[in-house]
2 protein chains.
Amino acid sequence: MTDKADGQTMISDEEKRLESQLCFAVYSAAHAFNRAYKPILDRVGLTYPQYLVMLVLWEKGCLSVKTIGEKLDLDSGTLSPLLKRLEQAGLIGRARDPKDERQVIISLTEKGAGMKCQVGVIMDAIGQATGCDMAEMANLRDQLQKLKVNLAAE
Amino acid sequence: MTDKADGQTMISDEEKRLESQLCFAVYSAAHAFNRAYKPILDRVGLTYPQYLVMLVLWEKGCLSVKTIGEKLDLDSGTLSPLLKRLEQAGLIGRARDPKDERQVIISLTEKGAGMKCQVGVIMDAIGQATGCDMAEMANLRDQLQKLKVNLAAE
DNA sequence: AAAATACATATTGTGCACGATTAAATCGTG
DNA sequence: CACGATTTAATCGTGCACAATATGTATTTT
């Protein structure tokens, strides 16, 4: 970028092209992940966003709706019906926190916790599909996190 | 990865963690882009996917629905209603190709073409928000494209 | 203690994404 | 020419994402 006299920043046409290519690449890669996971997740009856919720629950055990929303950048309008379906599928339980009844605590059922084992199989399949080694994956993860933080700071 | 005697491939726990972190990072960065663009696109009355469609039209002038779908990895079930809204907004025109009436050709109206100028303003705002220089953007774009191709090849 | 405020979640409505199905047009081959 | 296969869009149903709104609960203030 080149600074103009008035302190504003000029953006070249190449930069504009690059930026549109980047935002499309991110959009497109997210779709590609979704599609790659779909046939495998279908077998265990999960959608991709549901799988992401299960991932954080397998990690932490039980969490409030709000905390899940913070980890996944989703609001309650998205999570409420999604969690309702996971509850109907018998994978999670929902209960008001006795300490603070505004909060709903999401916990894994035995069935939901047991499903974690099946995930190893899922990841084996996808991990190979990425065609990335560990260093590449870590590098990409870090760059994307940095990008996300910058965009969120706005 | 370490090869087992039976020819299958073992994936370590660290790799599984990395992979889930990567697919979440992609998912999350896509949301971040979407949110960053939203307030600006609201002013010109476009959603983010609509903006991506307009991007390829500004690039190419006019395209068939199928071609747009290939560029954006979207099928007609997604594009048809989206294009219908762009048509109602007076930004594009839709007409059957006289050469092959199976195809619908999408073209920019004067209003739609004129909107391209406003996009420079949008990109100025977002480009700075990414906090990436050109080399970083290009690198990230290439890595994501490679990832996408690998996942699609499956 | 009562009112005001802030917070947590649910509800509703719109738009996107995708699979499955349908319908119409084209093409290939006999 | 005719028949079947393929291509291209549109339509329908389900689920995600989000804004706006509503409801109810806890905290703070008076």
Side-chain angles (χ1 to χ4, degrees), chain A residues 24 27-43 45-54 63-89 92 94-106 152, chain B residues 24 26-39 41-43 45-54 63-89 92 94-106 152:
Chain A
F24 173 67
Y27 177 83
S28 190
H31 280 185
F33 254 119
N34 206 322
R35 286 188 188 126
Y37 271 103
K38 183 153 205 327
I40 310 174
L41 289 175
D42 278 347
R43 279 183 242 152
L46 290 176
T47 65
Y48 187 63
Q50 285 169 1
Y51 168 68
L52 294 178
V53 170
M54 294 301 285
L63 293 167
S64 70
V65 174
K66 180 180 174 57
T67 306
I68 295 175
E70 283 168 355
K71 286 182 176 296
L72 269 55
D73 264 336
L74 298 175
D75 65 10
S76 69
T78 299
L79 285 175
S80 285
L82 187 156
L83 293 171
K84 202 173 290 180
R85 289 184 200 101
L86 288 178
E87 187 184 27
Q88 285 164 358
I92 64 167
R94 301 199 295 171
R96 293 274 166 189
D97 183 350
K99 307 285 184 187
D100 180 351
E101 295 213 348
R102 287 172 303 185
Q103 299 193 28
V104 171
I105 301 296
I106 306 297
Chain B
F24 174 67
V26 172
Y27 178 83
S28 189
H31 280 184
F33 253 119
N34 205 322
R35 287 185 187 127
Y37 270 102
K38 183 149 206 329
L41 289 175
D42 277 347
R43 279 184 240 149
L46 290 174
T47 66
Y48 187 62
Q50 286 170 1
Y51 168 67
L52 295 178
V53 170
M54 294 301 285
L63 294 167
S64 70
V65 173
K66 178 178 173 57
T67 308
I68 295 175
E70 282 167 354
K71 287 181 177 293
L72 270 53
D73 264 336
L74 299 175
D75 64 11
S76 70
T78 300
L79 283 174
S80 285
L82 187 157
L83 294 170
K84 203 173 289 182
R85 287 182 204 100
L86 288 178
E87 186 184 28
Q88 285 166 359
I92 65 168
R94 301 200 295 170
R96 292 273 164 190
D97 183 349
K99 307 285 182 188
D100 182 346
E101 296 213 347
R102 289 174 303 184
Q103 301 193 27
V104 171
I105 302 296
I106 306 296

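All chains are named by letter (A, B, ...) in the order of the sequence lines, taking the proteins before the strands, and each is independently numbered beginning at 1. Being a predicted model, the structure only gives us computed values, none of them experimental.
The phosphate of dC16(C) (OP1 or OP2) has a side-chain N or O of Thr47(B) nearer than 4.0 angstrom. A sub-4.0 Å separation between OP1 or OP2 of dG15(C) and a side-chain N or O of Lys84(B) is absent. Look at Arg94(B) and you'll find a side-chain N or O under 4.0 angstrom from OP1 or OP2 of dA10(D). Side-chain nitrogen and oxygen atoms of Tyr51(B) include none within less than 4.0 Å of the OP1 or OP2 phosphate oxygen of dG15(C). Contact between the side-chain N/O atoms of Tyr27(A) and the OP1/OP2 oxygens of dA17(C) is found at a separation under 4.0 Å.
Listed here is the closest heavy atom pair of Ser64(B) and Gln103(B): CB-OE1, 3.6 Å. The two residues Val26(B) and Ala29(A) have their closest heavy-atom pair at CG1-C, 3.7 Å. Nearest heavy-atom pair, Ile92(B) versus Leu83(B), reported as atom, atom and distance to 0.1 Å: CD1-O, 3.4 Å. Closest approach of Pro81(B) to Ser76(B), counting heavy atoms only: CD-O, 4.2 Å.
Counting to the nearest Å, the C1' atom of dG15(C) and the CG atom of Leu52(B) are 14 Å from each other. A straight line from NZ of Lys66(A) to C1' of dA6(C) spans 12 Å, rounded to a whole angstrom. The distance from atom CG of Leu41(A) to atom P of dG15(D) is 15 Å, rounded to the nearest whole Å. What separates CG of Leu86(A) from C1' of dT14(D) is a distance of 15 Å, to the nearest Å. Residue Tyr48(A) contributes atom OH, which lies 15 Å from atom P of dG19(C) at whole-angstrom precision. Here dC18(D) presents its C1' atom at 11 Å from CG of Asp42(B), a figure rounded to the nearest Å. Atom CD1 in Ile105(A) sits roughly 11 Å away from atom C1' in dA8(C) (whole-Å rounding). Distance, Gln103(B) CD to dT26(C) P: 10 Å, rounded to whole Å.
Rounded to the nearest 0.5 angstrom, Thr78(B) OG1 and Asp73(B) CG are separated by 11.0 Å. A distance of 7.5 Å separates NZ of Lys84(A) from CD of Gln88(A), quoted to the nearest 0.5 Å.
The side chain to side chain donor-acceptor pair (under 3.5 Å) test applied to Arg35(A) returns no partner, not counting sequence neighbours. For Ser80(A), there are no side chain to side chain donor-acceptor pair (under 3.5 Å) partners, not counting sequence neighbours. With sequence neighbours excluded, the residues satisfying side chain to side chain donor-acceptor pair (under 3.5 Å) with Arg102(B) are Asp100(B).
The stretch residues 69-79 of chain A touches DNA chain D through Asp73(A), Leu74(A), Asp75(A), Gly77(A), Thr78(A), each having a heavy atom within less than 4.0 Å of the strand.
In the set dA17(C), dA17(D), dG15(D), dA17(C) carries the atom at the smallest distance from any side-chain atom of Pro49(B).
DNA chain C is contacted by both Thr67(A) and Arg35(A); Thr67(A) maps to the nucleotide lying nearer its 5′ end (nearest heavy atom per residue). If Ser80(A) and Leu82(B) are placed on DNA chain C by their nearest nucleotide, the residue sitting closer to the 5' end is Ser80(A).
Between Phe33(B) and Tyr37(B), the ring planes lie parallel to each other; the angle is under 30°, not in the 30° to 60° tilted range.
Two residues are said to be in side-chain contact when any heavy atoms from C-beta on lie closer than 4.5 Å; His31(B) and Leu74(A) meet this criterion.
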Pairs: protein N or O with nucleotides 23-28 of chain D N or O, under 3.5 Å:
none

Phe24(B)/Leu72(A) under side chain to side chain contact (heavy atoms under 4.5 Å, CB included): CA gap, chis, key distance, verdict: CA-CA 8 Å; Phe24(B) 174 67; Leu72(A) 269 55; 4.2 Å; yes

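The terminal axes of the helix from dA1(C)-dT30(D) to dG30(C)-dC1(D), fitted over 5 pairs per end, subtend an angle of 10° to the nearest 10°.
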